[in-house]
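To start, the structure itself, in structure tokens.
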Amino acid sequence: MVVEPTPFLPPPTDGRVFTDRARAGLGDVAPSGRARLDAIARWLQDAAFVDLVDSGLRDDGVWVVRRLRIRVERFPRFREAVAVATWCSGTGSLVAERRSTVRGDAGGLVEAVALWVHLGPDGARPRPMPEGFDDVYGPSAAGRRVRARLRHAGPAIDGARVIPWRFRVADLDLADHVNNAVYWEALEERLAADHSPEPLDAEIEHRAPGDAGEASLLLDGRMLWVTAPGGEVLASFLCPEHKFRPVR
């Protein structure tokens, strides 16, 4: 099955566009000096949170990422300051799509699009958007509707290469499960022998919450799956343009 990637829509002509700022520091970069994918995912996650706080919406719910596509045209480098411009590019009854552009002051450029699911305060089940959401984020979405349906194929266990993996207690967040940005470390592990893997296009889908402890990575062609000990798929990566080199 051919999966069509989530499109990168241009910035809106009307509506809210929020800009957060970050800098590629010591804990954000690989030995080559380029920003790691998990650091970029954290910048996107933080910008989304700060945007929601700045908007003034009263929301006691929880937002979790269902899908995130990142396309790196040029990785930000160590010490490079970046501006993360983010806006709502689509809405659904229980979900919202967020487009973002990360632009560095030394030429770094990353495009991203994420699908976020709105959950109740306990994080157990989806619930409708908070009151006033459409007033704040509706204009930039311009009536575009999105759905949370999963699109990535499951792993063919017999043909996949299995690599041991482990999540740490330090990887858990306020929701008491592995933070969304941490999963990108698994993809970084596959890029260890490639100092400048750009352009790079990768999309993750989150299927189930992960916990600290043992896990596995399953590789087959352009796909990478993260699975729990019992075989449940926690997340999957689709990397249609990149062939991973062996880890050193």
Side-chain angles (χ1 to χ4, degrees), residues 5-25 28 35-76 79-119 121 123 126-148 173-175 179-181 184 203-204 206:
T6 307
F8 292 125
L9 300 180
T13 57
D14 186 28
R16 178 183 176 87
V17 178
F18 179 81
T19 300
D20 194 23
R21 302 193 181 276
R23 186 180 295 274
D28 300 321
R36 298 191 316 274
L37 292 167
D38 56 297
I40 294 171
R42 284 198 306 273
W43 296 343
L44 296 168
Q45 187 172 254
D46 289 346
F49 171 72
V50 177
D51 177 27
L52 187 64
V53 172
D54 182 78
S55 74
L57 279 178
R58 297 173 62 89
D59 182 15
D60 63 351
V62 178
W63 290 88
V64 297
V65 175
R66 169 58 58 88
R67 181 166 51 245
L68 170 60
R69 180 187 177 193
I70 293 177
R71 180 170 179 84
V72 180
E73 301 296 341
R74 199 200 74 93
F75 279 94
R79 293 188 177 183
E80 186 171 353
V82 299
V84 185
T86 185
W87 62 94
C88 180
S89 53
T91 60
S93 58
L94 305 171
V95 299
E97 185 183 272
R98 180 180 286 275
R99 264 283 281 125
S100 303
T101 295
V102 180
R103 195 177 299 275
D105 63 2
L109 179 60
V110 180
E111 300 290 357
V113 56
L115 187 69
W116 290 77
V117 181
H118 189 234
L119 306 178
R127 78 171 187 183
M129 300 301 164
E131 183 178 356
F133 182 89
D134 287 339
D135 294 335
V136 175
Y137 293 108
S140 63
R144 182 170 175 266
R145 302 294 286 176
V146 294
R147 295 186 296 173
D173 58 18
L174 281 172
N179 186 263
N180 295 314
W184 290 85
E203 182 178 81
I204 188 173
H206 295 275

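Numbering starts at 1 and runs along the sequence shown.
- Side-chain contact check for H118 versus L94: every heavy-atom pair is 4.5 Å or farther apart.
- Scored by the salt bridge (Lys or Arg N to Asp or Glu O under 4.0 Å) test, D135 finds no partners at all (sequence neighbours excluded).
- Around the CZ atom of R103, the shell of radius 6.0 Å holds no more than 12 heavy atoms that belong to other residues, nucleotides or ligands.
- Nearest heavy atoms, G90 versus A141: N-CB, 3.8 Å.
- Heavy atoms of other residues, nucleotides or ligands lying less than 6.0 angstrom from CZ of F8 number more than 12.
- For the pair V113/P7, no side-chain contact is recorded, criterion being any heavy-atom separation below 4.5 Å from C-beta on.
- Between W63 and W116, the angle of the ring planes goes over 60°, which puts this pair in the perpendicular group of the 30/60° scheme.
- Side chain of E80 to main chain of A106: a donor-acceptor pair is present (N/O by atom type, distance under 3.5 Å, no hydrogens or angles).
- To the nearest 0.5 Å, atoms CZ (R79) and CZ (R23) are separated by 9.0 Å.
- What you find for P121 and R127 is that their closest heavy atoms are CD-NH1, 3.5 Å.
- For D46 (side chain) and W43 (main-chain N/O), no donor-acceptor pair under 3.5 Å exists by modelled atom type.
- A salt bridge links D38 with R42: the closest approach of a Lys/Arg side-chain nitrogen to an acidic carboxylate oxygen falls below 4.0 angstrom.
- Interatomic distance, CG of N179 versus CG of L174, reported as 9.0 Å (0.5 Å rounding).
- More than 12 non-hydrogen atoms from other residues, nucleotides or ligands lie less than 6.0 angstrom from CZ of R144.
- The minimum heavy-atom distance linking P130 with L57 is given by the pair CG-CD1, 4.4 Å.
- A side-chain contact (heavy atoms from CB on, under 4.5 Å) with V110 is found for exactly one of L37, I40, L44, namely I40.
- Closest approach of G108 to R74, counting heavy atoms only: N-NH2, 3.0 Å.
- Annotation: side chain to side chain donor-acceptor pair (under 3.5 Å) contacts involving residues 82-91, sequence neighbours excluded, comprise T86-R98, T86-S100, S89-E97, T91-R145.
- Looking at R58, its side chain never comes within 3.5 Å of a backbone N or O of G132 through a donor-acceptor pair.
- The shortest non-hydrogen separation linking D20 to A47 is OD2-CA, 3.6 Å.
- Taking the side chain as every heavy atom from C-beta outward, D173 and Q45 never approach each other to under 4.5 Å.
- Considering every non-hydrogen atom in both G104 and V82, the closest pair reads CA-CG1, 3.9 Å.
- Between the side chain of R69 and the backbone N or O of A114, no donor-acceptor pair lies under 3.5 Å.
- With sequence neighbours excluded, no residue forms a side-chain hydrogen bond (donor to acceptor under 3.5 Å, both in side chains) with D105.
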